[in-house]
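What's counted below: heavy atoms across the whole structure, side chains too, no hydrogens, waters or symmetry copies. Numbers here simply count residues along the sequence, with the first being 1.
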Amino acid sequence: VNGTGFPSSTNVDILYDGDLIATSTTAISGVFSALFSVPESTAGYHAVAAKTSVSDISDAVRFEVKPSISGIALASGGVNTLVTITGKGFAAADNNIAVMLGTVKIGTAASNNKGTITGKQMEFAAFPGGTYEMKATDSAGNSATAREKFTVKANMTITPTDGDVGTQVTLGGTGFLADTSISLILDKTTLKPATPVRTASTGSFTGSFVIPKMSAGAHTITVTDGNNSYNATWTMENTPPPAPSPRAPVNKQAPAFAWGEVTDPSGVTYDFQVAREATFAFPILARENLTTTSYALSPVEALERGLYYWRARAVDGAGNTGAWSTPLAVRIGWPLPTWALGLLALLALAIIVLFVRIISRSIVARL
């Protein structure tokens, strides 16, 4: 504030609406200059004057106070984030100051008798993702826009967060673009749910999909509208299925091996092995991903005569491998070769003939 025409070398009081806010001293020429900070004030015009005595007061100069929002505690957040704003220069004792995020009213604030909003907290419901201005307007039409803009960030919930193959997962998202298709990505594979997912005008969505076959452990579910993305973790169960119970096959070169059924929430397939030794150090036949509880050897797979061992195990849809069944022995063919069996048969026949002759001679001798 600058003044002229005052008494020389005189103390000057600077008044704001009649209250002292600064002092100065005039020069010999009767001029002065002073600085003051605008005090807490309502919106509108306020009188600034200078005086050297009760009777020597200048005409008032009008100073207009305009509203301002001095700060937003957070620069970004998801739906239901608490946003704190402070403001000055609004209408006095106004309990209906509208607070806008973009073009949407998210709440009301109140001012004190000096037009100040003190740390008002509010939250906003479903809102499209993006960056928006925050504005406050009082009942008299005085308004101010915050210097800082607020960014609505994408957010998502998943239910459940773990399970088996075939589990139905429900998704809920907010803070995405309005009226936009949503892509669902599991790890690096784009899913195609039965019902396509699309956001509403508020940028929110709900959707669901079924967990496919995949390995046990943590996996990443990503939802994106092409501009906003959100990642969540879904965990596949890691409990292996029990070992199947073996059943003895028929004694022949191409037997049909069979074992008991195993159940698992993620579904199962079976692995099958045949070996010469019970340790299965060198399996001579191995089959994987069998969908039935039996395996019949083909003519090409027919086994030579001898003693063999076989076993089976279950693997669930999450890749969890169960224990091998107890090895079961199976003998293919007779223990002796064919020529030996023939020789034994001839020997047995000769013994029978000899025995018959001895008995016949004994009977003749008695007669």
In this structure, NE2 of His46 is separated from CG of Asp17 (nearest 0.5 Å) by 5.5 Å

- Task: Treating Ile, Leu, Val, Met, Phe, Trp and Tyr as nodes and any side-chain heavy-atom pair under 4.5 angstrom as an edge, say whether Leu290 and Leu328 lie in one connected cluster.
- Result: yes

Under a 4.5 Å side-chain heavy-atom rule over Ile, Leu, Val, Met, Phe, Trp and Tyr, are Ile158 and Val223 clustered together?
-> yes

Taken to the nearest 0.5 Å, the spacing of Thr239 OG1 from Asn320 CG works out to 7.0 Å

| query | Are the charged groups of Asp56 and Lys51 less than 4.0 angstrom apart, N to O? | reply | no

Between Arg287 and Phe272, is NZ or CZ placed under 6.0 angstrom from the six-membered ring centre and within 45° of the ring axis? no

_Glu261, CD: over 12 other non-hydrogen atoms inside 6.0 angstrom_ = no

Side chain to side chain donor-acceptor pair (under 3.5 Å) test vs Asn11 passes for just one of Thr23, Thr26, Thr25, namely Thr25

To the nearest 0.5 Å, atom CG of Asp162 lies from atom OG1 of Thr233 at 11.5 Å

Taking C-beta and beyond as the side chain, do Gln273 and Trp310 meet within less than 4.5 Å on heavy atoms?
no

Next on the checklist: Does any part of the side chain of Lys120, heavy atoms only, come nearer than 4.5 Å to the side chain of Ile97, both counted from C-beta?
Outcome noted: no

### Query
If you draw the axis of the six-membered ring of Phe205, does the NZ or CZ of Arg198 fall within 45° of it and under 6.0 Å from the ring centre?
no

Should Ile85 and Val104 be regarded as members of a common hydrophobic cluster, given that ILVMFWY residues are connected when their side-chain heavy atoms come within less than 4.5 Å of each other, either directly or indirectly?
yes

Q: Decide yes or no on side-chain contact (heavy atoms from CB on, under 4.5 Å) for Leu171 and Met156, but give the supporting numbers first.
A: CA-CA 7 Å; Leu171 308 173; Met156 181 182 69; 4.3 Å; yes

Worksheet item: What's the verdict on side-chain contact (heavy atoms from CB on, under 4.5 Å) for Phe90 and Thr116, showing C-alpha distance, side-chain angles and the deciding distance?
Response: CA-CA 6 Å; Phe90 291 89; Thr116 298; over 6 Å; no

Indicate yes or no: at least one non-hydrogen side-chain atom of Phe280 is less than 4.5 angstrom from one of Arg311. yes

With no hydrogens and no angle check, do the side chains of Ser204 and Thr202 hold a donor and an acceptor under 3.5 Å apart? yes

Check your understanding: Considering only heavy atoms from C-beta outward, does the side chain of Thr151 approach that of Thr131 to under 4.5 Å?
Key -> yes

* In terms of side-chain heavy atoms, does Tyr308 have a donor or acceptor partner in Arg276 at a distance below 3.5 Å? -> yes

According to the interplanar angle, ranging from 0 to 90°, do the rings of Phe6 and Phe32 count as parallel (below 30°), tilted (30 to 60°) or perpendicular (above 60°)?
perpendicular

Is Glu301 close to Tyr295 at the side-chain level, that is, under 4.5 Å between some pair of heavy atoms?
-> yes

Do Ser325 and Arg313 come close enough that some side-chain heavy atom pair is under 4.5 Å? no

**Asked** Cut-off 3.5 Å, side chains only: do Thr222 and Asn231 have a donor facing an acceptor?
**Response** yes

Transitive ILVMFWY side-chain link Ile57 to Val12, under 4.5 Å: no

Just checking Phe127 against Tyr132, ring centres under 6.0 Å apart? yes

- Task: Flag the pair Ile211 / Val169 as yes when at least one side-chain heavy-atom distance between them is below 4.5 Å, and no otherwise.
- Result: yes

Please step through side-chain contact (heavy atoms from CB on, under 4.5 Å) for the pair Ile69 and Thr145, ending with a clear verdict. CA-CA 6 Å; Ile69 299 178; Thr145 301; over 6 Å; no

Exercise. Do Leu186 and Pro212 touch side chain to side chain, with heavy atoms closer than 4.5 Å?
Worked result: yes

message: Would you say Ile284 ends up clustered with Leu307 if hydrophobic residues are merged whenever their side chains have heavy atoms under 4.5 Å apart, either directly or through other cluster members?
response: no

Taken to the nearest 0.5 Å, the spacing of Ser208 OG from Leu191 CG works out to 11.0 Å

(Q) Hydrogens and angles aside, do Thr180 and Asp225 bring a side-chain donor and acceptor to less than 3.5 Å of each other? (A) no

Should Met214 and His219 be marked as a side-chain contact (heavy atoms from CB on, under 4.5 Å) after you check the CA-CA gap, both sets of side-chain angles, and the distance that decides it?
CA-CA 9 Å; Met214 59 184 185; His219 297 266; 3.8 Å; yes

